[in-house]
Number of protein chains: 2
Amino acid sequence: MSEVQAKRAVGRPPRLERETIVATARRVLEEEGVHALSMRRLAKEVGSTPRALYHHVRDKDELLLLVLAGMAASAPRPELPTAPRDRIYVIALHIHDMLQRLPWVVEVLGLGHVTDKGALWMVEEIVNSAIECGLAPREAIRAYRVIWLYIYGDLAVHAAIDRRASEGGEAEHRRPLPDMLTPDDAATLPRLTALGPQWNEVANVCDVPNGLHAVIDGLLARGAGA
Amino acid sequence: MSEVQAKRAVGRPPRLERETIVATARRVLEEEGVHALSMRRLAKEVGSTPRALYHHVRDKDELLLLVLAGMAASAPRPELPTAPRDRIYVIALHIHDMLQRLPWVVEVLGLGHVTDKGALWMVEEIVNSAIECGLAPREAIRAYRVIWLYIYGDLAVHAAIDRRASEGGEAEHRRPLPDMLTPDDAATLPRLTALGPQWNEVANVCDVPNGLHAVIDGLLARGAGA
DNA sequence: ACCTGAACACCGTTCAAGT
DNA sequence: ACCTGAACACCGTTCAAGT
């Protein structure tokens, strides 16, 4: 019957913690994606009001940044081969596979924030390995960037496709390229018309392992050849 | 003084045309980007009400699709070299440079819609050239995809950075990777710490021409070697 | 210091009428 | 058939108070 219990039946008054906000935001992101996370929704989720959140984070951007911080640290590190060329491949594929399982992270990264600092060891490792393979430091940085952009491109495109698939019901658009070809196009686009069925077959299989091999070989060959 | 002029001082009554809506939407996109285009804003821009727009387009997605249609047709085609390997490079770079000047197109593509049909000749050309270089049709499709994902990754990352730069005022975050390294990190990330100044130098220059050369070489070598 | 309720200036989309 | 005004169910963020 004290003034504390007058507010709630049990325990201490529920002072909102920054950590609670961030953890709840992460949960919503994991369960429903970035589109489901709004400040108002989050306020309800933690049993508070929108305004109260702004007492603990500057704005929504800072909140997303806080959610991202330390994500990489919680992921398991892969075993690394000793050959530097293989090390690049294994790390690159690891980055891809890890992020593919966490589509919301890609969506947040897509907003243009920095990378989580805990992920930098992978950058360090790739750049180091590239130098070990004979690339100049400058070329090694460039090589890392090409690899990252390829990975990011794949994740972004797949995220967009998945988003669309889960949202749109019937939707005539979003067809996988060759389905939009009419017989008329046989004249101007003979190859794509002929390839038609094979296209989807190839496009629906994840080609990143193969792609990475090719990209890495190309990058190392150019550096070493010079 | 006729009943026509009673509504407006000049000309015929302004029945809203689908074409007007799409053209106005394109103008807003070009001038202010995808974030500025809302159905309400667009309604004001064409001097009508939000509801009226839904008489001419199913929803916002269909509108964006219509804006995209025929974009590629209006772009100039580059002169193509005769050597197939060079043709791949020239087309790939052309795609990149074209889209870099039209950031709103990338933002719309990022929503997961189909590619503009008028752009398919470039896909056809790349796939054909790859086959001419000795790749099996399957490999040629894969090669095209790797090239596209690299280009798209570069455009998406740069679009995100630019968006952030134009929005956020001072914003402590959005620093270009090595600035976030403290002296403490020298132990765990020696190479990145040492590379510090060089990183920005390399990252701020567009490396896509170099990157494409490496990627294409890697893709063709793998196909031809098998 | 931390919280609430109400508000400001927006969204995409749809209902019920108007002509 | 095509349009309007008002509404529904949302946004991020901030003002003016409350304790």
Side-chain angles (χ1 to χ4, degrees), chain A residues 2-8 11-22 24-25 28-29 32-67 107-108 111-113 163-164 167-169 171, chain B residues 2-8 12-22 24-25 28-29 32-67 107-108 111-113 163-164 167-171:
Chain A
S2 72
E3 67 274 24
V4 173
Q5 289 187 338
K7 285 185 149 191
R8 273 221 167 193
R12 293 194 257 152
R15 206 151 74 74
L16 201 48
E17 297 285 352
R18 193 180 165 119
E19 211 185 325
T20 313
I21 295 173
V22 174
T24 309
V28 173
L29 284 168
E32 302 178 56
V34 87
H35 70 277
L37 186 74
S38 72
M39 297 303 267
R40 301 172 108 103
R41 161 77 188 277
L42 185 56
K44 267 173 199 150
E45 209 83 25
V46 298
S48 184
T49 62
R51 181 62 183 88
L53 301 178
Y54 287 90
H55 243 276
H56 300 268
V57 297
R58 190 196 310 268
D59 53 18
K60 196 180 178 181
D61 271 10
E62 194 191 58
L63 175 64
L64 289 173
L65 208 85
L66 290 169
V67 175
E107 294 179 285
V108 174
L111 295 157
H113 288 130
R163 196 184 320 140
R164 204 128 268 293
E167 281 175 13
Chain B
S2 72
E3 67 274 24
V4 173
Q5 288 187 338
K7 287 186 149 191
R8 272 223 169 193
R12 293 193 257 152
R15 207 151 74 73
L16 202 49
E17 298 285 352
R18 193 181 166 117
E19 211 184 325
T20 312
I21 294 172
V22 173
T24 308
V28 173
L29 284 167
E32 302 177 56
V34 87
H35 71 277
L37 186 73
S38 72
M39 297 303 266
R40 301 172 109 101
R41 161 79 187 277
L42 185 55
K44 267 173 198 150
E45 209 82 26
V46 298
S48 184
T49 62
R51 181 64 181 87
L53 300 178
Y54 287 89
H55 243 276
H56 301 268
V57 297
R58 190 196 308 270
D59 54 17
K60 196 181 177 180
D61 271 10
E62 195 191 58
L63 175 65
L64 290 173
L65 209 86
L66 290 168
V67 177
E107 294 178 287
V108 174
L111 296 157
H113 287 130
R163 197 185 321 140
R164 205 127 269 292
E167 279 174 17
E170 36 265 271

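Quick note on labels: first sequence line is chain A, next is B, and so on, each numbered from 1.
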Could you check A:Lys44 against A:Tyr54 and say which one's nearest nucleotide on DNA chain D is further toward the 5' end?
-> A:Lys44
Write down the distance between [atom1] ([X]) and [atom2] ([N]), rounded to a whole number of angstrom.
| X | N | atom1 | atom2 | answer |
| --- | --- | --- | --- | --- |
| A:Lys60 | D:dC11 | NZ | C1' | 8 Å |
| B:Arg58 | C:dG12 | CZ | P | 18 Å |
| B:Ile21 | D:dC2 | CD1 | P | 11 Å |
| B:Glu62 | C:dT13 | CD | C1' | 15 Å |
| B:Leu53 | C:dT14 | CG | P | 13 Å |
| A:Leu42 | D:dT13 | CG | P | 12 Å |
| B:Glu32 | C:dC10 | CD | P | 13 Å |

Picking from [options], which would you name as closest to the side chain of [X]?
| X | options | result |
| --- | --- | --- |
| B:Met39 | D:dC3, C:dT13, D:dG12 | C:dT13 |
| A:Thr49 | C:dG5, D:dG12, D:dT4 | C:dG5 |
| B:Ala52 | C:dT13, D:dA16, D:dT4 | D:dT4 |
| B:Arg40 | C:dC2, D:dG12, C:dG12 | C:dG12 |
| A:Arg51 | C:dT14, C:dC3, D:dT14 | D:dT14 |

If you measure from CG on B:Leu63 to NE2 on B:His56, what distance do you get to the nearest 0.5 Å?
-> 12.0 Å
How far does CZ of B:Arg18 sit from CG of B:Leu53, to the nearest 0.5 angstrom?
-> 12.0 Å
In Watson-Crick or G-U wobble terms, both distances under 3.5 Å, what is the partner of C:dC11?
-> none
Checking N1-N3 plus N6-O4 or O6-N4 for Watson-Crick, or N1-O2 and O6-N3 for wobble, each under 3.5 Å, the partner of C:dA16 is D:dT4
Closest to the 5' end of DNA chain C, once A:His55 and A:Pro50 are matched to their nearest nucleotides, is A:His55
Do any side-chain nitrogens or oxygens of [X] fall under 4.0 Å of OP1 or OP2 in [N]?
| X | N | result |
| --- | --- | --- |
| A:Ser48 | C:dC3 | no |
| A:Ser38 | D:dC10 | no |
| B:His56 | D:dA1 | no |

Any side-chain heavy atom of [X] sitting closer than 4.5 Å to one from [Y]?
| X | Y | answer |
| --- | --- | --- |
| B:Leu66 | B:Ile21 | no |
| A:Val67 | A:Val108 | no |
| A:Leu64 | A:Leu37 | yes |

Using the P atom on both, measure C:dC10 against D:dA9 and round to a whole Å.
-> 22 Å
